[in-house]
Each structure stands twice: as structure tokens, then as C-alpha cells.
Amino acid sequence: MSTPLLNVNGIEVIYNHVILVLKGVSLQVPEGRIVALLGGNGAGKTTTLRAVSNLLAGERGEVTKGSITLRDERIEKLSTADMVERGVIQVMEGRHCFGHLTIEENLMTGAYTRKDGKAAINATLEKVYNYFPRLKTRRTSQAAYTSGGEQQMCAIGRALMANPKMVLLDEPSMGLAPQIVEEVFEIVKDLNTKEGTTFLLAEQNTNMALRYADYGYILENGRIVMDGEAKALAENEDVKEFYLGMG
Ligand code: ATP
């Protein structure tokens, strides 16, 4: 197999110097795929994403064992800004749009690190609007007054404004009606197919995630307990019994 884009190798993560949350997590994300990281509340999904995007320090967390490589580069000691520069962007759970800004202003904040000029940024904005026509309709609305689904789309759209190679998507289904979740996932799949964007997707909604992902890992209490092709996982009896009712 060729080198995966992302290789997480046996990482341990500790919060506040004492709380061991990840107990040796390994996973691979090949370029151009959608990989789902599944598991219940508190399993360690968000912590895994934070380790990759280097958002742990702000949470008083650190990787104390193992390694993370992006292509062939070790990245555990880099900053969040370094990761953004390398094209890895996390879309946080709970959406985190700036409520007082309009949808378009929110999207433009995603382009702040780009140095390729206004025309290129505007071209990306148009592309984002093509994928998310709802955002175009709501471009001048203050984000606080848009729906949960629109805010989730705005958060993903803002990440896309940085021209990412890989998006770490944390629970995009959280708090959304099933129909909207489906709409969001359809767009993710579309972006993956047409733009080649790689996704690492943390989800409690196992059913929905396995319909759109290529491969899945199941995390339980800080350890990967199962992994496989999404189709095989969706048909696995243990997965059906323990996880498919969730979300
Ligand atoms: P959820 O769906 O609830 O976000 P998750 O699978 O994403 O769950 P994490 O958020 O990674 O899980 O949390 C894993 C464990 O780490 C939990 O026990 C949680 O209480 C703990 N934890 C998360 N963030 C911190 C933090 N900043 N400080 C201390 N403990 C934390």
C-alpha cells in the first residue's frame, strides 16, 4: 500500500497531566478517501481529531506516546497554524460560526491564511456557494439567525475557504434533523468525489456515517476495537447490535 496521507500510530493522549484518554490509537487515512471514526459519547473521537490538528494544547492535553505523520512528516509537535498551512483543517463540533457575522463574512474568515490574492479567494467562495446553494441564499444573513443546518454548512464552507487537502469533521450530524444530516453528508461525498478532498469524520451516527465513508474505525474508551471497509462494518452483527441504533 502507498503511504497514507495521515498515519496515526499508537498515540496516547493525556489531559491535565493525569487523565489518560487515548490508550494507543492507530489509524490511517489514505488520500482522497472518507474515513469514519465512530463510537459513543466520550470514546475519544474529538480528542483524536484534536491530536491530528494540534488543538490539544489549548485543552491542556498532549500526545505522550506514539506518532502522527502527514505523508512522511512527523506533525505531533507542530502548531494548529502549521497544520492549516499544510492543508489540514478541523471543523469543530457544535459548529462555531461567528453569530454576529454574516454567512459570507464567516466564510471569508476561513481564507485568512491564503496568500494567493483576492481573485483566487473569490473563485473559492463561488465554488463553496456552488456546493452549498443554501449559503448563497443566506449570504447576507447574520449567522446567529440561520438554522442549525445552515450553520453546519457554514462551518464546513469556512474550512473549504482555506483550500484544504484534508478536513477533520467532528460530529456534523449533531443536533440536526435526519434530512439535513443527509443533505450535509451528500455534499461531503460530492466534495470528496469532485475535489478529491480527504475527510476524517468523527460521528456517533454510525448508520449515516457508514453509508458515506469508505472505511471505518470504532473507538471505545480510548481504544480502536474494530475497523474495516464501511460496507463490511455496516453488515457486521456486533456493529449492528451495539452501534447502528445510535445517533
Ligand atoms: P463526544 O461525542 O462526547 O464529544 P468523544 O468520543 O468525542 O465524545 P472526547 O470528547 O474525545 O470524546 O472525550 C474523551 C474523554 O476525554 C472524555 O472522558 C472526556 O471527558 C475527556 N475530555 C475531553 N476533553 C477534555 C479536556 N479538555 N480536559 C479533560 N478531559 C477531557
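Remember, predicted model here, so these are calculated numbers, not experimental data. Just the heavy atoms: all of them, side chains too, but no hydrogens, waters or symmetry mates, feed the values below. Whatever order the structure lists ligands and atoms in, that order sets their numbers, starting from 1.
- Of the candidates G42, G40, G61, the one placing a heavy atom closest to atom 14 (C) of ligand 1 is G42.
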message: Evaluate E171 against K45 for salt bridge (charged side-chain N to carboxylate O under 4.0 Å, His left out), listing each step before the verdict.
response: CA-CA 9 Å; E171 303 243 7; K45 304 181 297 299; 3.6 Å; yes
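- For K127 and E195, the salt-bridge test passes: some basic side-chain N is under 4.0 Å from an acidic carboxylate O.
- Screening residues 152-201 for ring-ring contact (aromatic ring centres under 6.0 Å, His included) gives F185-Y212 as the qualifying pairs, with residues at least two apart or on separate chains.
- Taking a cut-off of under 4.0 Å to the non-hydrogen atoms of Q204, the atoms of ligand 1 that pass are 2 (O).
- Applying the 4.0 Å criterion to heavy atoms of R50 picks out, from ligand 1, the atoms 24 (N).
- Ion pairing of E186 with K189 is absent here, as no side-chain N (NZ or NE/NH1/NH2) approaches a carboxylate O to less than 4.0 Å.
- Between E235 and K240 no salt bridge is recorded (no basic side-chain N to carboxylate O distance below 4.0 Å).
- Near A43, the atoms of ligand 1 lying under 4.0 angstrom from a non-hydrogen atom of the residue are 5 (P), 6 (O), 12 (O).
- Y217 and T48 share no donor-acceptor pair across their side chains, judged by distance under 3.5 Å alone.
- Looking only at protein heavy atoms, the nearest one to atom 3 (O) of ligand 1 is N41 OD1, 2.5 Å.
- Any N or O atom pair closer than 3.5 Å counts here, and I19 shares no such pair with ligand 1.
- More than 12 heavy-atom neighbours from other residues, nucleotides or ligands sit within 6.0 angstrom of CZ on R114.
- The protein heavy-atom contact nearest to atom 11 (O) of ligand 1 is T47 OG1, 2.5 Å.
- Counted within 6.0 Å of CD on Q179, heavy atoms from surrounding residues, nucleotides or ligands total 12 or fewer; the atom is thus considered open.
- The protein reaches atom 31 (C) of ligand 1 closely, with a heavy atom under 4.0 angstrom from it.
- Residue contact annotation: G44 has a non-hydrogen atom under 4.0 Å from ligand 1.
- Screening residues 198-213 for salt bridge (Lys or Arg N to Asp or Glu O under 4.0 Å) gives E182-R211 as the qualifying pairs, with residues at least two apart or on separate chains.
- Between the side chains of D82 and S79, at least one donor-acceptor pair of N or O atoms lies under 3.5 Å.
- At a 4.0 Å heavy-atom cut-off, ligand 1 touches T46 through backbone and side chain alike.
- Protein heavy atom in closest approach to atom 15 (C) of ligand 1: V21 CG1, 3.5 Å.
- When heavy-atom distances to ligand 1 are checked against a 4.0 Å cut-off, R60 has no atom that comes that close, whether in backbone or side chain.
- For ligand 1, the atoms lying closer than 4.0 Å to a non-hydrogen atom of K45 are 2 (O), 5 (P), 6 (O), 7 (O), 8 (O), 11 (O), 12 (O).
- Counting atoms of ligand 1 from 1 in the listed order, those under 4.0 Å from a heavy atom of E59 are 27 (N).
- Nearest protein heavy-atom contact of atom 23 (C) of ligand 1 is Y15 CE1, 3.5 Å.
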